Each structure stands twice: as structure tokens, then as C-alpha cells.
Amino acid sequence: MINFQYARAGDVADAVRQIAADPKAKFIAGGTNLIDLMKEDVERPSRLIDISRLPLKSVEETAEGGLRIGALVPNSDLAYHPLIAQRYPMLASAILAGASAQLRNMASTGGNLLQRTRCYYFYDIATPCNKREPGSGCSAITGLNRMHAILGTSEACIATHPSDMCVALAALDATVHTAGPAGARAIAFSDFHRLPGDTPQRDTSLQANEIVTAVELPARGFAANYTYLKIRDRLSYAFALVSVAAALELEGDMIKEARVALGGVAHKPWRATRAEELLRGGSATVDAFARAADAELARARPLRDNRYKVPIARNLIVRTLMELA
Ligand SMILES: Cc1cc2nc3c(=O)[nH]c(=O)nc-3n(C[C@H](O)[C@H](O)[C@H](O)COP(=O)(O)OP(=O)(O)OC[C@H]3O[C@@H](n4cnc5c(N)ncnc54)[C@H](O)[C@@H]3O)c2cc1C
Ligand code: SF4
């Protein structure tokens with residue numbers, strides 16, 4: 001174990017001051033991902049800035065009819081919050097599909113957004129990994145890549161983002177609120193996580209000296225007609241191989257609005273925009289669902305071990321939409 005300093009942040013401004021003063025410092029919230037990475041020697045922060053006591057633990061209604069979720073609301077509290085359960089049940093389902101009850105009690109909203117990939121080579125410091133050590137190579141491209149991405153990959157990295165919660169947040173069009181030395185920012189959820197490109201070491205558009213303060217949900221929650229379905233190796237306590245968050249607004253059999261996001265297939269929660277465009281304004285039929293799924297997955301670039309994800313993703317999209325219709 002390397003030596004590191006520990007300090008508590010007094011308030012958000014103090015947290016920002018402390019992180020800006022030390023580029024090798026890291027925030028710690030629930031610690032369920034960061035401590036594991038430190039034990040594996042993947043993360044080597046010089047200082048842990050404990051933000052777990054900051055007053056970012058409430059869920060509040062916004063003037064626009066949505067909800068503002070503090071970055072330190074535990075995943076369990078969020079899933080069982082009455083306003084989430086009533087108005088955004090897709091988010092509750094996605095959270096409860098992840099990890100275990102004990103982990104969800106510790107895990108925070110902000111930490112869930114910023115959890116790192118579960119690529120086995122990223123965790124194994126004896127192997128090359130561009131995300132851990134830029135320029136060293138990607139062991140997964142020619143190695144074991146059963147868990148890896150099929151969409152939006154690059155020559156540098158084929159890792160996936162492991163969160164369930166974030167797949168629902170992508171489908172719901174959430175906004176991430178941050179604070180930093182230059183002030184507050186609001187980042188559209190689709191711009192928060194990044195594709196790997198040639199800088200896979202950067203998972204998100206958050207700057208190193210910024211803190212996530214909240215996640216905001218718009219008023220539209222799709223509570224009437226939604227689903228979150230997760231395919232995994234075991235029925236519980238396993239990360240998604242492929243997951244789908246989907247919602248429909250129907251008028252008769254005409255689709256007024258469609259939301260489809262995929263987990264386990266890309267470096268970021270994958271909003272299926274091509275599928276959504278094809279679905280909007282059309283009829284809710286099995287053929288239309290299959291056409292939309294095929295159009296979305298036409299850009300998939302699977303490798304040796306993860307080809308199975310393409311038919312799974314296709315069938316999952318069709319099946320969830322059939323259930324909703
Ligand atoms: C065995 C196991 C199984 C799991 N299974 C699943 C699963 O099936 N699905 C799933 O979605 N997740 C799963 N998880 C992951 C879990 O959801 C995450 O570990 C958790 O959400 C991280 O939250 P945390 O508060 O503990 O983050 P921490 O570990 O405290 O922090 C994680 C990262 O976020 C940064 N950070 C935290 N809060 C902020 C903030 N407010 N602003 C800026 N940076 C911040 C930290 O610096 C760190 O880099 C699993 C984890 C484990 C250990
Ligand atoms: S897929 Fe990404 S995280 Fe995994 S070994 Fe390659 S560069 Fe590293």
C-alpha cells in the first residue's frame with residue numbers, strides 16, 4: 001500500500017480548493033470502487049479528499065417539474081425514494097439491478113457515474129492498458145474480450161462503462177451538475193461520458209479539479225411505460241453483458257416518443273439514437289422494432305469473443321419494445 005494523506009472537505013468550495021491544489025488527489029465518496037482500485041495498485045492518489053459528509057444528500061423538486069438528486073445520495077436511498085419510485089421507476093429498476101444491497105447502501109450517485117471500467121486488464125497492472133498507462137497498448141483487443149464493447153470502440157480501447165444506473169439516466173436525458181474553480185457547469189448526460197478515441201484514460205468530460213454536485217432529471221419520467229432489462233452471467237451481483245433501458249409513449253399503436261439506451265456495449269451508456277429516430281412517429285410493430293434494432297447495431301464492430309453481444313442486444317431491444325407495446 002502506498003502512503004497517502006486523508007482530509008475531509010468542509011463544504012463544496014473547500015472540496016474544490018483541495019482538489020485544485022493537488023493534481024494527484026482524489027475524492028472519495030462511498031469508496032466501493034476507489035478503494036478496490038487502490039488495493040490493486042491501479043489508482044495511486046497522493047491524498048484522499050473525503051466528500052462523504054458534504055450536504056449533497058437530498059432529492060429536491062425543481063421549478064421545471066423535475067428532480068435534483070444530490071451527488072451523495074446513496075444508490076439504495078435513491079432507488080427507494082418515493083418520488084423516484086413513482087415518477088422515474090426505470091431509474092429505480094436500473095439501480096436495483098446493480099451490485100448488492102450492501103454495496104448500494106454505500107455507493108453514491110456521483111461515484112456511480114465515475115466508477116471505472118471492469119476490463120480485467122485495466123485491473124491487472126502486469127499487462128499493457130492504454131486506459132491505465134497511456135501509450136502502453138490494449139491487451140483486450142487481441143486478448144480475452146468477451147465482456148468488451150461492440151459500439152464506439154477505438155484502436156486504443158474497447159472497454160465498457162459498467163453502470164446500470166447511468167443507462168437509465170441516459171434514456172431519461174438527465175443533466176450532470178458540477179462545481180470547479182471556474183464555477184458551476186451543467187453537462188448533458190450524453191456529453192458526460194466519453195468514447196475512448198485516442199485518449200481512453202479520460203472516461204468523462206469532468207475536469208480533474210471539478211466535483212459532481214448533482215444529477216438533474218427532467219419532468220418527463222416515462223413512468224407509465226418503461227423497462228430496464230439486464231443480461232448477465234449470474235442472476236444477481238454481476239455486471240451487465242448487455243442491458244436495455246427503454247420507454248415508449250404511445251397514441252393507439254403510433255409511437256409518439258421512444259427512448260432506448262444500452263449498457264455493457266460501449267465506453268459510455270449508449271443512447272440508441274438511430275433506433276429512436278426510426279421508431280418515432282411509426283407504428284408499434286415487431287417489424288418496426290426489428291428494423292430499429294438492426295439500424296442501431298449496423299455500426300457494431302465486435303471482436304473474437306464478444307460477437308454474441310450483437311444478437312443479444314438486437315433481441316433485447318425487440319423484446320423490451322414488444323413488452324412496452
Ligand atoms: C462487487 C461489486 C459489484 C458491483 N456491481 C455493479 C453492478 O452490477 N452495476 C453497477 O452499476 N455497479 C456495480 N458496482 C459498482 C458500484 O455501483 C460503484 O462502485 C459505486 O457506484 C461507486 O460509488 P462510490 O460512491 O462508492 O464511489 P467511490 O469509490 O467513492 O468513487 C469512485 C470514483 O468517483 C469519484 N467520485 C466520487 N464521487 C464524486 C463526486 N461527487 N465528484 C467527483 N468525483 C467523484 C472518486 O474520486 C472515484 O474516482 C459494483 C461494485 C462492486 C465492488
Ligand atoms: S480495453 Fe481499455 S481498459 Fe481494457 S486493456 Fe484495452 S485499453 Fe485497457
Side-chain angles (χ1 to χ4, degrees), residues 9 12 15-16 19 25-38 42-43 45 48-52 54 56 70-76 78 94-100 102-124 127-145 147-149 153-168 176-180 196 200-201 203-204 206-215 230 232-234 236-240 243 263-264 267 269 303:
V12 170
V16 169
I19 200 105
K26 282 252 158 195
F27 292 130
I28 183 160
T32 60
N33 189 214
L34 183 55
I35 297 292
D36 280 357
L37 290 166
M38 288 171 68
V42 177
E43 296 272 15
L48 288 183
I49 304 167
D50 186 348
I51 55 171
S52 63
L54 295 185
L56 302 172
L72 290 164
V73 175
N75 287 180
S76 303
L78 188 59
I95 295 170
L96 294 174
S100 64
Q102 292 89 339
L103 281 159
R104 293 193 297 267
N105 287 341
M106 288 301 293
S108 66
T109 301
N112 194 309
L113 259 55
L114 289 153
Q115 63 176 295
R116 307 215 66 193
T117 183
R118 292 281 157 173
C119 170
Y120 0 90
Y121 300 105
F122 177 67
Y123 273 78
D124 178 358
T127 59
C129 167
N130 286 323
K131 187 179 278 299
R132 180 170 27 76
E133 204 179 318
S136 63
C138 171
S139 301
I141 288 178
T142 51
L144 300 171
N145 44 43
M147 302 286 290
H148 290 75
T153 52
S154 75
E155 301 279 295
C157 180
I158 56 168
T160 56
H161 191 266
S163 169
D164 290 293
M165 184 183 92
C166 290
V167 183
V176 181
H177 290 274
T178 69
Q201 67 274 22
D203 293 343
T204 68
L206 190 75
Q207 300 299 316
N209 55 13
E210 287 180 309
I211 184 171
V212 172
T213 51
V215 172
K230 174 174 176 180
R232 46 190 153 173
D233 283 327
R234 294 184 302 271
S236 72
Y237 204 37
F239 289 93
S243 67
H267 198 256
L303 291 164

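This one's a predicted model, so the numbers in the text were calculated from it and none came from an experiment. We count ligands from 1, going down the list as the structure has it; atoms in each ligand are counted the same way. Basis for what follows: all heavy atoms, side chains included, without hydrogens, waters or symmetry-related copies.
Among all protein heavy atoms, the one lying closest to atom 35 (C) of ligand 1 is L114 CB, 3.9 Å. The protein non-hydrogen atom at the shortest distance from atom 15 (C) of ligand 1 is Q115 OE1, 3.2 Å. Among all protein heavy atoms, the one lying closest to atom 27 (O) of ligand 1 is G111 CA, 3.4 Å. Remark: minimum distance from atom 49 (O) of ligand 1 to any protein heavy atom is reached at K26 NZ, 3.6 Å. Scanning the protein for heavy atoms near atom 10 (C) of ligand 1, the closest one is D164 OD2, 3.6 Å. Of the protein's non-hydrogen atoms, the one nearest atom 28 (P) of ligand 1 is G31 N, 3.5 Å. V212 N, 2.9 Å is the protein heavy atom nearest to atom 42 (N) of ligand 1. Remark: minimum distance from atom 7 (C) of ligand 1 to any protein heavy atom is reached at A99 N, 3.0 Å.
With hydrogens and angles disregarded, no donor-acceptor distance shorter than 3.5 Å links the side chain of Y123 to the backbone of D36. Looking at S76, its side chain does come within 3.5 Å of a backbone N or O of R104 through a donor-acceptor pair. Although no hydrogens or angles enter the test, the distance criterion places no donor-acceptor pair under 3.5 Å between the side chain of S52 and the main chain of A29. In this structure, the side chain of T213 engages the main chain of H177 through a donor-acceptor pair within 3.5 Å. The backbone N or O of N130 sits nowhere less than 3.5 Å from a side-chain atom of E133 that would complete a donor-acceptor pair. No donor-acceptor pair closer than 3.5 Å links the side chain of K131 to the backbone N or O of Q201. A distance-only check finds a donor-acceptor pair linking the side chain of R232 to the backbone of A97 [under 3.5 Å]. Of the possible donor and acceptor atoms, one in the side chain of S136 sits under 3.5 Å from a partner among the backbone N and O of C129.
For ligand 1, the polar-atom distance check against A71 finds no nitrogen or oxygen pair separated by under 3.5 Å. Close N/O approach between A107 and ligand 1 is not found [any backbone or side-chain N/O within under 3.5 Å]. Between D36 and ligand 1, no pair of N/O atoms sits closer than 3.5 Å. In terms of polar-atom proximity, T32 is counted as a contact of ligand 1, with an N or O under 3.5 Å from an N or O of the ligand. Taking any N or O of A97, backbone or side chain, none lies under 3.5 Å from an N or O belonging to ligand 1. Checked by distance only, ligand 1 and N33 come closer than 3.5 Å through their nitrogen or oxygen atoms.
For ligand 1, the atoms sitting less than 4.0 Å from at least one non-hydrogen atom of L34 are 29 (O), numbered in the order shown with element in parentheses. Every atom of ligand 1 is numbered from 1 in the order shown, and the set under 4.0 Å from a heavy atom of I51 is 38 (N), 39 (C), 40 (C), 41 (N). Taking every heavy atom of S139 and a limit of under 4.0 angstrom, the matching atoms of ligand 2 come to 5 (S). Near G98, meaning under 4.0 Å from one of its heavy atoms, ligand 1 places the atoms 7 (C), 8 (O), 9 (N). Numbered from 1 in the order shown, with element, the atoms of ligand 1 that lie under 4.0 Å from a heavy atom of N112 read 17 (O), 21 (O), 22 (C), 23 (O). Within ligand 1, the atoms closer than 4.0 Å to a non-hydrogen atom of S108 are 23 (O), 24 (P), 25 (O), numbered from 1 in the order shown.
Only the backbone of A238 comes within 4.0 Å of ligand 1, counting heavy atoms alone; no side-chain atom from C-beta on gets that close. When heavy-atom distances to ligand 1 are checked against a 4.0 Å cut-off, L103 comes that close only through its side chain, counted from C-beta outward. Contact annotation for I35 and ligand 1: no heavy atom of the residue comes within less than 4.0 Å of the ligand. Of all the heavy atoms of R118, the ones lying under 4.0 Å from any atom of ligand 1 belong exclusively to the side chain. Contact annotation for P162 and ligand 1: only backbone heavy atoms (N, CA, C, O) come within less than 4.0 Å of the ligand. Under 4.0 angstrom from ligand 1, there are no non-hydrogen atoms of M38.
Residues F122 and R116 meet the side-chain proximity criterion, which asks for heavy atoms closer than 4.5 Å. Side-chain contact between L34 and L48: present, with at least one pair of heavy atoms (C-beta onward) separated by less than 4.5 Å. Between S108 and N75, every side-chain heavy-atom pair lies at or beyond the 4.5 Å cut-off. The shortest distance between side-chain heavy atoms of P162 and Q115 falls below 4.5 Å. Within the 4.5 Å cutoff, side-chain heavy atoms of H267 are placed close to those of D203.
Across T117 and A159, no two heavy atoms sit closer than the pair OG1-CB, 3.5 Å.
Within the structure, the closest approach of K230 to ligand 1 falls below 4.0 Å when heavy atoms are considered.
Every residue two or more places apart in sequence or in another chain that forms a salt bridge (Lys or Arg N to Asp or Glu O under 4.0 Å) with D233 is listed here: R146. With sequence neighbours left out, the ring pair (Phe, Tyr, Trp, His ring centres under 6.0 Å) criterion links H148 to Y120.
Side-chain contact check for Q102 and N105: no donor-acceptor pair (N or O, by modelled atom type) lies under 3.5 Å.
The salt bridge (Lys or Arg N to Asp or Glu O under 4.0 Å) pairs that include a residue from residues 154-165 are D164-K230, where partners are two or more places apart or lie in different chains.
When the options I51, V212, V73, L72 are evaluated for a side-chain contact (heavy atoms from CB on, under 4.5 Å) with L56, the one that passes is L72.
Of the options F239, F27, Y237, the smallest heavy-atom separation from atom 13 (C) of ligand 1 is shown by F239.
For atom 2 (Fe) of ligand 2, the set of protein N/O/S atoms nearer than 2.8 Å consists of C157 SG, ordered by chain and number.
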